[in-house]
Amino acid sequence: MMKPRFTSPPDPQGFRIHVWEVVRMIPLGKVATYGQIAALLPVPPGMSAQDFRAFAPRWVGGAMAACPADVPWQRVINAQGKSSLKGADQSRQQELLEAEGVEFDDRQRVDLKRFGWNGPEK
DNA sequence: TCCTTGACTCAGA
DNA sequence: CTCTGAGCCAAGG
(Lines give C-alpha, C1' and ligand atoms only; values in the text may rest on other atoms or scores of the structure.)
Protein backbone atom coordinates (compact mmCIF):
# COMPACT_ATOMS: atom_id res chain seq x y z
CA MET A 1 0.00 0.00 0.00
CA MET A 2 1.10 3.53 -0.49
CA LYS A 3 2.37 5.03 2.70
CA PRO A 4 1.90 8.78 2.57
CA ARG A 5 4.57 9.44 5.14
CA PHE A 6 5.72 12.71 3.64
CA THR A 7 9.06 13.14 5.29
CA SER A 8 9.20 10.96 8.32
CA PRO A 9 9.49 12.85 11.58
CA PRO A 10 12.69 12.45 13.66
CA ASP A 11 11.04 9.63 15.59
CA PRO A 12 8.27 8.06 13.46
CA GLN A 13 7.35 5.38 15.96
CA GLY A 14 7.31 7.70 18.93
CA PHE A 15 5.33 10.21 16.93
CA ARG A 16 2.62 7.70 16.03
CA ILE A 17 2.38 6.52 19.63
CA HIS A 18 2.02 10.11 20.73
CA VAL A 19 -0.71 10.65 18.16
CA TRP A 20 -2.63 7.61 19.36
CA GLU A 21 -2.26 8.85 22.91
CA VAL A 22 -3.93 12.12 21.99
CA VAL A 23 -6.66 10.41 19.98
CA ARG A 24 -7.48 8.26 22.98
CA MET A 25 -8.21 11.44 24.96
CA ILE A 26 -11.01 12.45 22.61
CA PRO A 27 -14.24 12.04 24.60
CA LEU A 28 -17.07 9.95 23.25
CA GLY A 29 -19.45 11.88 21.04
CA LYS A 30 -16.73 14.36 20.01
CA VAL A 31 -14.48 14.60 16.98
CA ALA A 32 -11.09 16.20 16.36
CA THR A 33 -9.30 17.26 13.18
CA TYR A 34 -5.84 16.18 12.10
CA GLY A 35 -4.61 19.72 12.56
CA GLN A 36 -6.14 19.89 16.03
CA ILE A 37 -4.28 16.78 17.08
CA ALA A 38 -1.08 17.96 15.45
CA ALA A 39 -1.30 21.21 17.40
CA LEU A 40 -1.37 19.26 20.66
CA LEU A 41 1.80 17.38 19.81
CA PRO A 42 5.26 18.68 20.69
CA VAL A 43 7.30 20.19 17.88
CA PRO A 44 10.29 17.95 17.12
CA PRO A 45 13.64 19.53 18.05
CA GLY A 46 15.40 21.25 15.20
CA MET A 47 12.15 21.85 13.35
CA SER A 48 10.34 25.17 13.13
CA ALA A 49 6.77 25.36 14.36
CA GLN A 50 5.82 26.58 10.92
CA ASP A 51 7.21 23.53 9.13
CA PHE A 52 5.68 21.30 11.74
CA ARG A 53 2.28 22.81 11.04
CA ALA A 54 2.66 21.95 7.37
CA PHE A 55 3.88 18.38 7.92
CA ALA A 56 2.18 17.22 11.08
CA PRO A 57 -1.33 16.74 9.65
CA ARG A 58 0.04 14.25 7.11
CA TRP A 59 2.02 12.47 9.77
CA VAL A 60 -1.10 12.22 11.86
CA GLY A 61 -2.89 10.74 8.88
CA GLY A 62 -0.08 8.25 8.42
CA ALA A 63 -0.27 7.32 12.08
CA MET A 64 -4.01 6.76 11.87
CA ALA A 65 -3.53 4.47 8.89
CA ALA A 66 -1.86 2.02 11.26
CA CYS A 67 -3.63 2.73 14.52
CA PRO A 68 -4.23 -0.05 17.08
CA ALA A 69 -7.72 -1.42 17.74
CA ASP A 70 -8.01 0.47 21.01
CA VAL A 71 -7.72 3.84 19.28
CA PRO A 72 -11.01 5.60 18.39
CA TRP A 73 -9.81 6.46 14.88
CA GLN A 74 -13.37 7.25 13.84
CA ARG A 75 -13.27 10.43 15.92
CA VAL A 76 -10.52 11.86 13.76
CA ILE A 77 -11.70 13.76 10.68
CA ASN A 78 -10.30 16.51 8.47
CA ALA A 79 -10.67 20.27 8.92
CA GLN A 80 -13.61 20.27 6.52
CA GLY A 81 -15.66 18.35 9.06
CA LYS A 82 -15.71 15.33 6.80
CA SER A 83 -14.08 11.95 6.75
CA SER A 84 -10.94 11.73 4.67
CA LEU A 85 -11.54 8.04 4.19
CA LYS A 86 -13.13 6.49 1.17
CA GLY A 87 -15.48 3.66 0.38
CA ALA A 88 -16.45 1.15 3.05
CA ASP A 89 -14.15 2.65 5.69
CA GLN A 90 -15.82 6.00 5.26
CA SER A 91 -19.28 4.52 5.79
CA ARG A 92 -18.08 2.55 8.78
CA GLN A 93 -16.65 5.68 10.35
CA GLN A 94 -19.91 7.56 9.93
CA GLU A 95 -21.90 4.76 11.48
CA LEU A 96 -19.57 4.53 14.44
CA LEU A 97 -19.83 8.26 15.06
CA GLU A 98 -23.60 8.34 14.69
CA ALA A 99 -23.74 5.57 17.26
CA GLU A 100 -21.92 7.96 19.61
CA GLY A 101 -24.41 10.73 18.98
CA VAL A 102 -22.49 12.69 16.37
CA GLU A 103 -24.74 14.11 13.67
CA PHE A 104 -23.96 14.34 9.95
CA ASP A 105 -25.65 16.68 7.50
CA ASP A 106 -26.75 15.91 3.96
CA ARG A 107 -23.22 16.26 2.69
CA GLN A 108 -21.91 13.84 5.30
CA ARG A 109 -20.38 16.70 7.21
CA VAL A 110 -20.09 17.13 10.96
CA ASP A 111 -20.72 20.49 12.60
CA LEU A 112 -17.40 21.06 14.33
CA LYS A 113 -18.95 23.93 16.28
CA ARG A 114 -21.14 21.44 18.05
CA PHE A 115 -19.19 18.16 18.03
CA GLY A 116 -15.65 19.47 17.74
CA TRP A 117 -13.34 18.55 20.60
CA ASN A 118 -12.20 21.59 22.57
CA GLY A 119 -8.95 19.98 23.58
CA PRO A 120 -7.63 17.84 26.44
CA GLU A 121 -8.20 20.62 28.91
CA LYS A 122 -8.52 24.36 29.11
C1' DT B 1 11.99 9.47 -15.96
C1' DC B 2 7.48 11.90 -15.70
C1' DC B 3 2.94 12.12 -13.77
C1' DT B 4 -0.53 10.97 -10.42
C1' DT B 5 -2.08 10.35 -5.89
C1' DG B 6 -2.21 10.22 -1.13
C1' DA B 7 -6.69 9.28 6.52
C1' DC B 8 -4.26 17.45 5.12
C1' DT B 9 -4.62 22.60 5.89
C1' DC B 10 -4.93 27.37 4.85
C1' DA B 11 -5.70 31.59 2.24
C1' DG B 12 -8.13 33.77 -1.31
C1' DA B 13 -12.22 34.42 -4.60
C1' DC C 1 -20.68 28.66 2.84
C1' DT C 2 -18.34 26.43 -1.29
C1' DC C 3 -14.57 25.88 -4.57
C1' DT C 4 -9.40 26.52 -6.09
C1' DG C 5 -4.71 26.34 -5.86
C1' DA C 6 -0.35 25.98 -3.43
C1' DG C 7 2.78 23.65 -0.14
C1' DC C 8 5.41 19.17 1.22
C1' DC C 9 7.51 14.33 0.28
C1' DA C 10 7.45 9.52 -1.51
C1' DA C 11 5.93 5.52 -3.90
C1' DG C 12 3.83 3.22 -7.94
C1' DG C 13 2.52 2.86 -12.92
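Computed from a predicted structure; not experimentally measured. The sequence lines fix the lettering, A, B, ..., with proteins before strands; numbering per chain opens at 1.
Nucleotides dC10(B) and dA10(C) have their C1' atoms positioned 23 Å apart, rounded to a whole Å. Between dG5(C) and dT4(B), the two P atoms lie 14 Å apart (nearest whole Å). Remark: the separation of the P atoms in dA6(C) and dC3(B) is 16 Å, to the nearest Å. Nucleotides dA7(B) and dT2(C), compared at atom P, are 24 Å apart to the nearest Å.
Within the nucleic acid shown, F55(A) comes within 4.0 Å of sugar-phosphate atoms alone, with no base atom in reach, counting heavy atoms only.
Judged by distance alone, the side chain of Q93(A) and the main-chain N or O of V76(A) form a donor-acceptor pair under 3.5 Å. Side chain of Q90(A) to main chain of L85(A): no donor-acceptor pair is present (N/O by atom type, distance under 3.5 Å, no hydrogens or angles). No donor-acceptor distance shorter than 3.5 angstrom exists from the side chain of D11(A) to the backbone of F15(A), with no hydrogens or angles considered. With hydrogens and angles ignored, the 3.5 Å screen pairs no side-chain donor or acceptor of W73(A) with any backbone N or O of V23(A).
Closest to the side chain of R58(A), from the set dC8(C), dT9(B), dA7(B), is dC8(C). Distances were taken from every side-chain heavy atom of W73(A) (C-beta onward) to each of dC10(B), dC8(C), dA7(B); the shortest belongs to dA7(B).
Judged by closest nucleotide on DNA chain B, Y34(A) is the one of Y34(A) and R53(A) placed further toward the 5' end.
For the residue pair P42(A) and F52(A), the shortest heavy atom distance occurs at O-CZ, 3.8 Å. The two residues Q94(A) and Q108(A) make their nearest non-hydrogen contact at OE1-NE2, 3.3 Å. What you find for S84(A) and Y34(A) is that their closest heavy atoms are OG-CE1, 3.9 Å.
Summarising the geometry, the separation between CE on M47(A) and P on dC9(C) is reported as 9 Å, rounded to the nearest angstrom. For Q50(A) and dT9(B), the CD to P distance is 17 Å, given to the nearest whole Å. For W59(A) and dC8(B), the CH2 to C1' distance is 13 Å, given to the nearest whole Å. Residue D51(A) contributes atom CG, which lies 17 Å from atom P of dT9(B) at whole-angstrom precision. dT2(C) atom P lies 12 Å from atom CG of L112(A), rounded to whole Å.
The stretch residues 75-111 of chain A touches DNA chain C through R107(A), R109(A), each having a heavy atom under 4.0 angstrom from the strand.
Under a hydrophobic clustering in which Ile, Leu, Val, Met, Phe, Trp and Tyr are joined whenever their side-chain heavy atoms come within less than 4.5 Å, directly or via other members, V19(A) and M47(A) fall into the same cluster.
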Open item on the list: Output the pairing pattern of DNA chain B as a dot-bracket string, 5' first, Watson-Crick or G-U wobble with both distances under 3.5 Å, | for cross-strand pairs, [ ] for crossing pairs.
Closed with: .|||||.||||||
- [ ] Could you give me the CA-CA distance, side-chain angles and deciding distance for V71(A) and M64(A), then say whether side chain to side chain contact (heavy atoms under 4.5 Å, CB included) is met?
- [x] CA-CA 9 Å; V71(A) 174; M64(A) 298 316 293; 4.2 Å; yes
